[in-house]
2 protein chains.
Amino acid sequence: MTREKPSSPNRARISSPDRPGSASWWLARGEPSTRRRRNRMLSLEAIADTALRLLDEHGIEAMTMRRLAEDLGCSQSSLYRHVRSRDELTIIVADQAIRLGMQAPPPGLDWRSEAEWLARGFRGFLLGHPSVALLLRGTERLGPNSLLGVESAVDRFIGAGLSPRHAAAAAGALATLIIGSVQFNLYLDATDPGEQQARQALYERLDPRTHPRMVRHAADIAGVGSEEEFEFGLKMLLDGIAVAVRGTADQLDG
Amino acid sequence: MTREKPSSPNRARISSPDRPGSASWWLARGEPSTRRRRNRMLSLEAIADTALRLLDEHGIEAMTMRRLAEDLGCSQSSLYRHVRSRDELTIIVADQAIRLGMQAPPPGLDWRSEAEWLARGFRGFLLGHPSVALLLRGTERLGPNSLLGVESAVDRFIGAGLSPRHAAAAAGALATLIIGSVQFNLYLDATDPGEQQARQALYERLDPRTHPRMVRHAADIAGVGSEEEFEFGLKMLLDGIAVAVRGTADQLDG
DNA sequence: ACCTGAACACCGTTCAAGT
DNA sequence: ACCTGAACACCGTTCAAGT
């Protein structure tokens, strides 16, 4: 039995000191000298790059240790000299992907326009790389590339007038909305007209006594795709942050 | 090769008419007569119940067709008389779980208090059942129990003054925040003091030239746990919706 | 010292062969 | 007609045995 012990219920909540993705794990990874091996050619970077390519070209199902070894021309066991497990690799690949998805916004934008620009940009990247979106599970939040994003978001929100704690919370909530919005709509893109029609039919066939709104507004509600849902959520969230920003300003003025 | 074809890139975006979780799939499932078989004792309900129990007691890794068959006292192949694939079963179990996680709010609350009550209640349920949280991938959004939740949320938001489209978008954004907040923090609960300390150390060791905010506010930012992040995000989102509600009211007044 | 073939203990899914 | 044992084609991970 080398897989995860099925006898530990709710293990997701149990924190072991060096669980991949934890702060101590990222801390330990910090020193490249301890993990870089003077190898012939196989490197963690090469593994991560190949994994990302496999992921993009053939979907998340193709990112297996076997295919990875095959594409890299090494044995499966060799991979374990660079990563402790597939889970670890997943986190490293996710962090890499975040670097690719984050583009610097044009200069001169106010905090709100910049947040919108970054949010739409990252969402667009994930839509173009759906398998990457499936990889993001929160374990990459403390990775170097995520932290670059947090730094910039926190800086902007503090600049707008929020406290450091609120700025961090706002950055987290925004990231949750962006990534969640893509993930929870991956298999349900209502921009497909056939799917949208089927969705409307599904709503219309509901019991009008238990679902009066869905039945009456079936066409309206079926017409709300992931794009509209995301844009509305983004507007609501940023409107709320704007309220908080003004509240801070009022407090300072008062 | 009976698994998913690795040769179809980005297949998550390709919609086939009867992909599990799609509107047409849920539509087809609507008629119980076509799927209920006069079986000796094995039923879809029994399978889903057992799956949910396995999930809760032994984690998501334990929800395999083999263990399911073992616990139900049948062969693996028998399971395929009730579900077409493990994917299908996952969606059905997710829909079941949503029913369990949704509790009716106390009567007499205004739209905002009710939204907060429901959001905190569902988040609390997911925190108590982390493996269930991992199951939610959006494919269950069109299931009967999700639709009950959408009906009630849309009804309240329309009652507050939003258009049906906006109400549907608001419900979706809210669900995204709740589920995403739990999922993206499952492995990173900052309420563990050791983890929080390690997080602060991680921030303090960043390069102050590239991460001035993270270094300066390390303690503050490390102190923001998933609870605070969720509560702030919820407040921002509902503040934003409140702005939209007032905007609608102003329009009607003007 | 470094690498890996082969094995171990699992998967989801199918179907020929049973009753 | 209904059910299933056994097989197929995969997994991630380990380690004794090679060089």
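Below, read A as the first sequence line, B as the second, and so on, with proteins coming before strands; counting in each chain starts at 1. Reckoned from all heavy atoms, side chains included, excluding hydrogens, waters and symmetry mates.
In this entry the distance linking CE of B/Met65 with P of C/dT14 reads 10 Å, nearest Å. At whole-Å resolution of the value, CG in B/Leu79 and C1' in C/dG12 are 11 Å apart. For the pair B/Arg81 CZ and C/dT13 P, the interatomic distance rounds to 16 Å; values are reported in whole Å. Here C/dG12 presents its P atom at 18 Å from NE2 of B/His82, a figure rounded to the nearest Å. As rounded to whole Å, 16 Å separates atom P of D/dC11 from atom CD of B/Glu61. Atom CZ in A/Arg67 sits roughly 16 Å away from atom C1' in D/dG12 (whole-Å rounding). The CG atom of A/Leu89 sits 15 Å away from the C1' atom of D/dC11 (whole-angstrom rounding). B/Leu72 places its CG atom 14 Å from the P atom of D/dC3, with the value rounded to the nearest Å.
Side-chain N/O atoms of B/Glu204 and B/Gln200 include a donor and acceptor closer than 3.5 Å. A/Arg199 and A/Gln196 share no side-chain donor-acceptor pair at under 3.5 Å.
Within the 4.0 Å cut-off from OP1 or OP2 of D/dC3, not a single side-chain nitrogen or oxygen of B/Ser78 is found. For the OP1/OP2 pair of D/dT13 and a distance below 4.0 Å, the side-chain nitrogens and oxygens of A/Arg86 include no atom meeting the criterion.
The shortest distance between side-chain heavy atoms of B/Phe230 and A/Thr176 does not fall below 4.5 Å. Put simply, the side chain of B/Leu118 does not reach to within 4.5 Å of the side chain of B/Phe122, judged on heavy atoms. The side-chain heavy atoms of A/Thr64 and A/Arg67, taken from C-beta on, include a pair separated by under 4.5 Å.
Panel note: side chain B/Arg19, backbone A/Tyr187; a donor-acceptor pair is recorded below 3.5 Å. Under the 3.5 Å distance criterion, the side-chain polar atoms of B/Glu88 are matched with a main-chain donor or acceptor of B/Arg84.
Comparing D/dC10 with C/dC8, their C1' atoms are spaced 15 Å from each other, to the whole Å. With P as the reference atom, D/dA9 and C/dA9 are 22 Å apart, rounded to whole Å.
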Could you write out each protein N or O paired with an N or O of nucleotides 5-7 of chain D at a distance under 3.5 Å?
unit_1	atom_1	unit_2	atom_2	d
D/dG5	O6	B/Ser77	OG	2.6

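Note on A/Arg141 versus B/Glu229: salt bridge recorded, some NZ/NE/NH1/NH2 to OD/OE distance being below 4.0 Å.
With sequence neighbours excluded, the residues satisfying ring-ring contact (aromatic ring centres under 6.0 Å, His included) with B/Phe232 are A/His166.
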**OP:** Kindly express the pairing pattern of DNA chain C in dot-bracket notation, using | wherever a base pairs with another strand and counting only Watson-Crick or G-U pairs under 3.5 Å.
**Re:** ||.|||||...|||||.||
